[in-house]
Amino acid sequence: MMGQILSGKEIAEKIKHETRIELERIKERGISPKLVAVQVGENPSSQVYLNAQKKNCQSMGILYETKNLEPGISESELISFIERLNGDKSITGIILQLPLPSGMDVRKVQSKIAPEKDVEGVNPANLGWILYGRPVLAPCTALAVKELIDSTKVDLYGKEVVMVGHSDIVGKPVALLLVDRFATVSICHIGTSDKGMLEQHVKRAEILIVAVGKAHLIKGDWVRDGAIVIDVGINKLGDKIVGDVEFETAIQHASWITPVPGGVGPVTTAILLRNTITAAKLISFNL
Ligand code: NAP
């Protein structure tokens with residue numbers, strides 16, 4: 001059996017198209033979304049990410065600005081800066097670019113972003129809404145995984161889902177989003193691997209999602225025949241970018257599989273734009 005490639009690019013284009021229509025609609029009502037990204041210090045890899053954000057926002061017609069803060073800024077100064085952005089009515093969305101300088105409490109700083117401006121869905125209030133089954137501004141990658149799965153038209157009811165990785169912004173929210181669709185979700189992590197149980201869990205998965213950040217952690221022949229495989233991982237292997245799943249062998253078993261690059265990444269970017277419009281609506285219409 002040879003699986004089909006689940007291209008993120010097509011899904012991303014569809015989301016962007018819908019978002020553009022929604023943006024036109026709210027602009028007609030006098031709302032101009034503006035996204036501000038806060039970066040502390042210099043970081044070449046986040047600079048690439050910021051440039052991409054800017055390009056995407058501009059192509060969509062969303063105002064975008066980067067605020068570069070000195071690397072020596074204290075945590076309380078950074079929080080005060082974010083609070084000023086929270087109070088600025090012209091700003092409808094805030095991104096806090098990671099990493100922050102060592103010693104800063106990332107979760108504490110993220111919790112200071114006004115929930116209705118938190119386009120990346122990292123504030124505990126927004127993560128909490130997922131727990132209640134009412135995601136408003138959820139983490140972009142978690143929503144991207146859900147979009148990719150839904151695009152296959154699979155009925156999640158009772159399906160065996162295995163989520164490998166339990167990070168706060170990918171693994172845990174994905175698991176909650178899918179539990180609410182009545183999938184049977186197992187979450188694997190380092191403890192699963194250390195006990196030598198990862199292969200057994202993966203082999204059961206009708207839907208396998210992997211967000212670890214270790215090249216080819218999941219062997220292709222572990223993939224159950226007919227499984228849907230969503231590979232979130234991004235790893236540099238020599239001069240290539242690869243996922244967490246051995247793609248060439250996995251595609252021989254999977255029904256659908258996301259490529260890396262070109263799978264989860266483009267959909268995540270499109271969801272960020274959609275969340276930006278959602279945030280602008282939350283603020284402007286007092287939702
Ligand atoms: P993270 O916060 O580092 O989380 C990684 C998770 O993997 C943790 O739960 C960790 O468990 C678990 N883990 C580590 N080694 C493991 C092993 N051998 N077996 C099973 N689980 C293991 O990473 P993240 O932010 O979720 O990102 C994961 C990957 O996705 C990275 O490659 C990242 O670059 C990529 N990513 C891609 C996108 C995109 O848009 N395409 C977006 C976000 C992230 P412990 O905490 O217990 O060690």
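Each ligand, and each atom within it, is numbered from 1 in the order the structure gives.
With Asn51 as reference, Gln47 is the one residue of Gln47, Gln53, Lys55 to meet the side-chain hydrogen bond (donor to acceptor under 3.5 Å, both in side chains) rule.
Under the 4.5 Å side-chain criterion, counting only non-hydrogen atoms from C-beta, Arg181 is in contact with Asp150.
Qualifying side-chain hydrogen bond (donor to acceptor under 3.5 Å, both in side chains) partners for Lys108, counting only residues two or more places apart in sequence or in other chains: Glu75. For Lys54, there are no side-chain hydrogen bond (donor to acceptor under 3.5 Å, both in side chains) partners, not counting sequence neighbours.
Counting only residues at least two apart or in different chains, salt bridge (Lys or Arg N to Asp or Glu O under 4.0 Å) contacts with residues 85-97 are absent.
The 4.0 Å heavy-atom shell around ligand 1 contains residues Thr141, Val164, Gly165, His166, Ser167, Val170, His189, Ile190, Ser193, Ala211, Val212, Gly213, Lys214, Leu217, Val232, Gly233, Ile234, Val264, Gly265, Thr268, ordered by chain and number.
Ser46 and Gln39 share a donor-acceptor pair across their side chains, judged by distance under 3.5 Å alone.
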